[in-house]
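Right, one structure below, let's go through it.
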Amino acid sequence: MSNSEKWQGSPESISYKPTKSLFLGLLAVAALGVAFIGFFFWYIPTVGLRSIHPALPYILGAVLIVISVLVLGGLIFITNAAMKGTLPFYSKWLHWLLVKVYLPIMVMAGGILRIPKIKIERTFIELNNQMVLLMGRKFKPERLLILMPHCIQFDNCKIKVTRNVKNCVGCGKCEIGELLSLSTEFGVNLFISTGGTVARRKVYEDRPHAVIAVACERDLTSGLQDAFPLPVLAIVNKRPRGYCMETGVAIEEVRQAIKDLIGAGR
Ligand code: SF4
C-alpha cells in the first residue's frame with residue numbers, strides 16, 4: 001500500500017471543552033433543584049408528622065438540611081474542581097455523587113438552560129476521568145481492559161476482529177493494528193465490541209480492575225453509569241464520517257491512559 005492510500009487518522013469531529021459559565025449555570029440550577037426537592041420532602045409529610053409529635057417536622061427538617069448541605073457541598077466541590085481542571089483529592093462518595101446525582105441534575109439543568117446534551121456528557125466524562133486519575137491506584141496491565149467499538153474498523157476489512165482482535169494483520173487502514181501493538185507492548189487486554197450489551201458482558205466475564213473505553217459521548221456516559229464503581233477512563237472517539245462509521249481514536253490518548261492506570265507516568 002502506498003503512503004497516499006494509508007489511513008492517516010481522523011480529524012476531531014467536535015472541538016469542545018466545558019466552560020466556566022457552563023459549570024456555574026449547571027451548579028445554579030442544581031442548587032435550586034436540591035433546595036426545591038428538600039423543601040418538598042420536608043413540607044409534604046409535615047402535616048402527618050405533627051399529629052404524631054410536634055417536634056417531628058423539625059427533626060425531619062434538620063435531617064434534610066444536613067443531606068442538602070452535604071449534596072450541595074459535594075456539587076460545589078466538584079464544580080470548583082472541574083473549573084480549575086484538577087481535583088485536590090479522590091473520594092468514592094464524591095464519585096458516586098457525580099455519577100448518581102450530579103449527572104441526572106446536569107442533564108435536567110441542561111434541558112432547562114437549553115444546553116446540548118453532548119456538552120453535558122463531555123463535562124461528565126471529563127470529571128469522571130479526573131476522579132479516576134485522582135484515585136491514584138496502579139493497576140496490573142493484565143487486569144486492564146481496552147474496550148473499542150466495532151465501528152472503528154475499516155468498513156471493507158473482511159477480517160473478523162470482534163471474535164479475536166489478533167486476527168488483524170495491521171494493514172494500516174484503520175487504527176486497530178496500532179491498538180493491537182499497544183496492547184502487546186503493555187500487556188493489556190484489547191476487545192473490539194459489537195455493541196454495548198456485548199461490552200457489558202465482556203466486563204462481567206473478565207472482571208477487569210479498570211477499563212479504558214472508547215466510544216461516542218452517549219455510549220460512554222451510559223457505560224460509565226452502568227460500570228460504576230469500576231474505574232473507567234473514557235476517551236471520546238473521532239467521527240470524520242459521522243456516528244458508527246469508520247470512527248477513530250487518538251492512539252496517544254490511549255497510550256497515556258494505559259500509562260496513567262499502570263502508573264508509568266507521563
Ligand atoms: S488494521 Fe486490521 S482491522 Fe483495520 S483494516 Fe487493517 S486488517 Fe482490518
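In listed order, ligands and their atoms are each counted from 1. Residue numbers count from 1 along this sequence.
Cluster partners of Y204, using a side-chain heavy-atom cutoff of under 4.5 Å among ILVMFWY residues and allowing indirect links: none.
Here the protein contributes C174 SG as N, O or S atoms under 2.8 Å from atom 4 (Fe) of ligand 1.
Checked by atom type and distance alone, the side chain of N164 pairs as donor or acceptor with a backbone atom of K166 at under 3.5 Å. A donor-acceptor pair under 3.5 Å is formed between the side chain of S181 and the backbone N or O of G177.
Qualifying salt bridge (Lys or Arg N to Asp or Glu O under 4.0 Å) partners for R200, counting only residues two or more places apart in sequence or in other chains: D226.
Among residue pairs with one or both ends in residues 179-194, those qualifying as salt bridge (Lys or Arg N to Asp or Glu O under 4.0 Å) are E185-R255; sequence neighbours excluded.
Atoms of ligand 1 lying under 4.0 Å from any heavy atom of V169, numbered from 1 in the order shown and given with element: 7 (S).
The structure places CD of E217 at 4.5 Å from CZ of R239, a figure rounded to the nearest 0.5 Å.
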